[in-house]
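Atom set for the values below is all heavy atoms of this structure, side chains included, hydrogens, waters and symmetry mates excluded. Atoms within each ligand, like the ligands themselves, are counted from 1 in listed order.
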Amino acid sequence: MPSTPTDTFARDRLPPPDRMPTLLFGLPELQRLPARLNCSCALLDRRVSQGQGDRPCVLGVAPDGTPIRWTYADLQREANRIARVLVEDLGVVPGNRVLLRGANSPMLAACWFAVIKAGAIAVGTMPLLRARELSTIVDKAQITHALCDARLAEELTLALPQCPTLKNVLHFNRGALEEAAARKPASFQNADTAADDTCVIAFTSGTTGQPKAAMHFHRDVMAAALCWPPHVLRAVPDDIVIGSPPLAFTFGLGGLLVFPLSIGAASVLIEKATPDALPAAIAKHRATICYTSPTAYRAMAGNLAGHDLSSLRKCVSAGEALPAATRQLWQDTTGIRIIDGIGSTEMFHIFISATEEQARGGATGYVVPGYEARVVDDDGQPLPPGQVGRLAVRGPTGCRYLDDERQTNYVQGGWNLTGDAYLVDPADGQFVYQARTDDMIISGGYNIAGPEVESALLLHPAVAECGVIGVADAERGQIVKAFVVLKPGHAADEGMVKALQDFVKQTVAPYKYPRAVEFRQTLPRTETGKLQRFRLRQEG
Ligand code: 3UK
């Protein structure tokens with residue numbers, strides 16, 4: 001076999017062995033993962049070579065409005081041509097980092113597969129990122145090539161003077177990429193990568209400080225597809241998935257691309273999947289599985305009139321805790337019990353979750369088969385059920401930050417510490433989310449989890465959205481403060497403050513009630529739908 005020149009940048013910047021997460025491969029299907037593995041073969045080429053190339057694969061809408069309906073064979077051909085452009089025209093070698101920039105679309109999926117096929121490393125970027133943030137990413141991952149939607153070119157172009165490593169940028173959607181690809185044959189010999197070669201670098205949607213870059217191997221992608229999807233989601237090849245998380249976010253990459261393709265199902269990749277647009281898209285594409293955030297389910301529940309959602313059979317929520325009120329509202333409106341799951345960029349995808357049968361309000365669920373989870377104290381010692389502590393997990397995937405001291409915060413003694421405070425319910429063994437460890441409010445000697453107060457407020461009929469934080473207080477150390485967005489037709493006045501405070505006191509332990517309430521038109525959120533509590537804290 002001819003030896004390929006290989007860029008060892010990522011390999012050279014893995015955490016040292018003693019800071020690596022312990023990996024578990026207990027499930028029989030995980031033990032069968034081979035030592036040499038390019039995940040694009042398993043996800044795409046194998047389907048075609050097994051005679052299923054005609055199955056629908058990625059669906060969407062072109063910028064000019066024409067429907068896109070690519071089969072597995074279509075996506076393979078498209079990805080192969082782009083891979084040839086990368087390798088033959090742009091000189092990409094295995095291990096190079098390639099930046100991907102675009103809203104979710106079949107073309108973005110083809111670009112992702114092209115990068116993986118070439119043995120390079122895909123670095124997705126959220127569409128809303130600005131030049132500053134893009135240059136940080138390019139610098140941290142020493143990115144050499146970029147494939148960018150022409151409509152999102154501006155910020156990347158602005159970033160280029162700060163990006164000396166980034167020498168090759170090709171645009172798609174009325175750009176040079178399609179033209180170059182059209183000249184290429186539709187075949188491609190995938191790079192013969194090792195199972196433990198990095199294929200994805202995912203930047204954390206970090207709320208503060210420099211973003212962290214989590215490295216995932218070809219094997220991690222396949223391992224994730226063998227755990228939560230078959231054991232909890234239980235999708236079938238005829239499913240059509242749809243949803244809002246960007247492919248740059250591992251929640252979206254797994255849910256909307258890797259997992260459906262791993263079983264031969266189809267995925268609808270649409271650019272605009274806001275709560276306003278998603279119900280119509282579900283109806284139009286007859287989607288059967290939907291992935292989005294808790295806030296979006298809440299917003300969509302009021303938005304369903306006139307849309308035929310009869311095709312929908314499963315709904316997945318992640319990114320933030322799912323408030324019991326939102327779960328109930330969605331079930332009352334659609335009859336569907338949401339599958340909640342906690343995952344992270346560092347772990348690639350979901351590691352604690354519950355099937356529809358297990359799901360109950362206020363709990364995330366049970367550890368996903370293939371993973372282990374426990375609640376530990378500050379010294380890493382397991383705590384008994386009922387006690388709040390730090391969530392520790394391990395499984396076939398784990399955290400590997402690229403060249404980052406913060407590896408020691410996330411991985412301790414081989415366990416991944418997600419930064420979440422959890423308890424195990426003594427009654428049914430479910431893991432119950434409390435708050436981000438940093439977000440626990442300590443008021444008058446009590447520990448109060450902001451999300452619990454938020455869940456209580458969301459039960460009030462006037463509340464559309466809310467965020468709860470601790471603010472400094474001379475007497476109590478901190479007091480609980482709620483930022484509330486009211487539904488239309490409700491007055492933001494003193495009477496409402498009192499009504500909400502009384503309501504919380506009647507719903508949860510009275511000491512948790514928000515002593516301060518401020519009304520807002522909107523709340524600050526990340527592009528992945530997470531409430532930015534640090535911004536509420538700054539604004540005070
Ligand atoms: C929080 C949740 C309660 C939690 C993600 C599914 O969100 C994802 O990745 P991020 O790196 O954030 C991780 C953190 O988000 N969180 C996520 N899901 C839940 N908290 N209940 C949940 N269901 O603080 C976690 O540590 O942005 C989610 C799949 C892939 C992902 N990357």
Side-chain angles (χ1 to χ4, degrees), residues 124 126 200-208 211-214 216 220-221 224-225 227-229 232-233 243-259 291-297 315-324 326-327 338-354 359-368 371 373 375 390-393 395 397-399 401 406 409-411 415-423 430-440 449-452 454-455 525-534:
M126 304 286 181
V200 167
I201 294 180
F203 278 81
T204 56
S205 50
T207 42
T208 43
K212 290 165 277 195
H216 295 292
D220 301 327
V221 173
C227 293
W228 177 80
V232 183
L233 179 66
S244 65
L247 295 183
F249 182 26
T250 60
F251 179 38
L253 180 63
L256 299 178
L257 193 61
V258 170
F259 300 164
Y291 286 84
T292 192
S293 65
T295 335
Y297 282 113
C315 291
V316 181
S317 170
E320 278 196 307
L322 177 67
T326 304
R327 171 186 287 292
I338 294 176
I339 299 176
D340 185 13
I342 177 173
S344 72
T345 306
E346 290 83 352
M347 300 301 292
F348 191 76
H349 221 268
I350 293 173
F351 45 83
I352 294 175
S353 184
R360 69 161 173 87
T364 313
Y366 298 100
V367 65
V368 168
Y371 288 82
V375 175
R390 302 186 299 162
L391 180 65
V393 295
T397 60
C399 173
Y401 288 135
R406 291 169 290 185
N409 302 338
Y410 208 98
V411 177
W415 289 83
N416 300 273
L417 290 146
T418 63
D420 297 293
Y422 258 86
L423 63 76
Q430 295 221 29
F431 282 79
V432 179
Y433 177 79
Q434 307 293 304
R436 292 287 303 167
T437 323
D438 305 341
D439 287 340
M440 290 294 292
E452 189 188 356
E454 290 164 12
S455 296
R525 289 192 183 273
T526 64
E527 209 176 333
T528 58
K530 280 192 221 300
L531 181 65
Q532 293 174 305
R533 292 196 175 74
F534 78 102

**Student:** Assess Lys530 for proximity to ligand 1: is some non-hydrogen atom of it under 4.0 Å away?
**Tutor:** yes
**Student:** Is Thr364 close to ligand 1, meaning an N/O of one under 3.5 Å from an N/O of the other?
**Tutor:**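 Between Thr364 and ligand 1 (N or O atoms, distance only) the closest approach is not under 3.5 Å.
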**Student:** Ser317 versus ligand 1: do any nitrogen or oxygen atoms come within less than 3.5 Å of each other?
**Tutor:**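 Ser317 vs ligand 1: no N/O contact under 3.5 Å.
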**Student:** For ligand 1, note which part of Met347 has a heavy atom under 4.0 Å away: side chain, backbone, both or neither.
**Tutor:** neither
**Student:** Report the residues that fulfil side chain to side chain donor-acceptor pair (under 3.5 Å) with Arg436, sequence neighbours left out, ordered by chain and then residue number.
**Tutor:**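 Arg436 satisfies side chain to side chain donor-acceptor pair (under 3.5 Å) with Asp420 once adjacent residues are dropped.
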**Student:** Would you say Asp340 contacts ligand 1, with heavy atoms under 4.0 Å as the rule?
**Tutor:**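 Contact present.
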**Student:** Evaluate the ring planes of Phe348 and His216, with Trp represented by its six-membered ring, and classify them as parallel (under 30°), tilted (30 to 60°) or perpendicular (over 60°).
**Tutor:** perpendicular
**Student:** Can you tell which of Pro294, Ala318, Ala224, Gly341 gets a heavy atom nearest to atom 23 (N) of ligand 1?
**Tutor:** Gly341
**Student:** Does any part of the side chain of Thr528, heavy atoms only, come nearer than 4.5 Å to the side chain of Phe251, both counted from C-beta?
**Tutor:** no
**Student:** Evaluate Phe348 for polar contact with ligand 1, using N/O atom pairs at a separation under 3.5 Å.
**Tutor:** no
**Student:** With only distance considered, is Thr528 within less than 3.5 Å of ligand 1 through an N or O on each side?
**Tutor:** no
**Student:** Is there a salt bridge (charged side-chain N to carboxylate O under 4.0 Å, His left out) between Arg533 and Glu454? Walk through the geometry before answering.
**Tutor:** CA-CA 12 Å; Arg533 292 196 175 74; Glu454 290 164 12; 2.9 Å; yes
**Student:** Distance from His349 atom NE2 to Leu253 atom CG, nearest 0.5 Å?
**Tutor:** 8.0 Å
**Student:** Classify the contact between Tyr433 and ligand 1 as side chain, backbone, both or neither, using a heavy-atom distance cut-off of under 4.0 Å.
**Tutor:**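 Near ligand 1, Tyr433 shows its side chain, while the N, CA, C and O stay back.
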**Student:** For Tyr422, which residues count as a ring-ring contact (aromatic ring centres under 6.0 Å, His included) partner, sequence neighbours excluded?
**Tutor:**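 Result, ring-ring contact (aromatic ring centres under 6.0 Å, His included) vs Tyr422: Tyr433.
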**Student:** Please confirm whether Thr345 comes within less than 3.5 Å of ligand 1 when only nitrogen or oxygen atoms on both sides are compared.
**Tutor:**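 For ligand 1, there is an N or O atom that lies under 3.5 Å from one belonging to Thr345.
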**Student:** As a check for students: among Ser344, Pro451, Gly419, Ala321, identify the option with a heavy atom nearest to atom 31 (C) of ligand 1.
**Tutor:**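 Considering heavy atoms of Ser344, Pro451, Gly419, Ala321, the nearest to atom 31 (C) of ligand 1 sits in Ser344.
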**Student:** For ligand 1, which atoms sit closer than 4.0 Å to a heavy atom of Thr418?
**Tutor:** 26 (O)
**Student:** Give me the one residue out of Ile342, Val232, Asp340 that meets side-chain contact (heavy atoms from CB on, under 4.5 Å) with Ile352.
**Tutor:** Ile342
**Student:** Search all heavy atoms of Thr345 against all heavy atoms of Ala214 and return the closest pair with its distance.
**Tutor:** O-CB, 3.9 Å
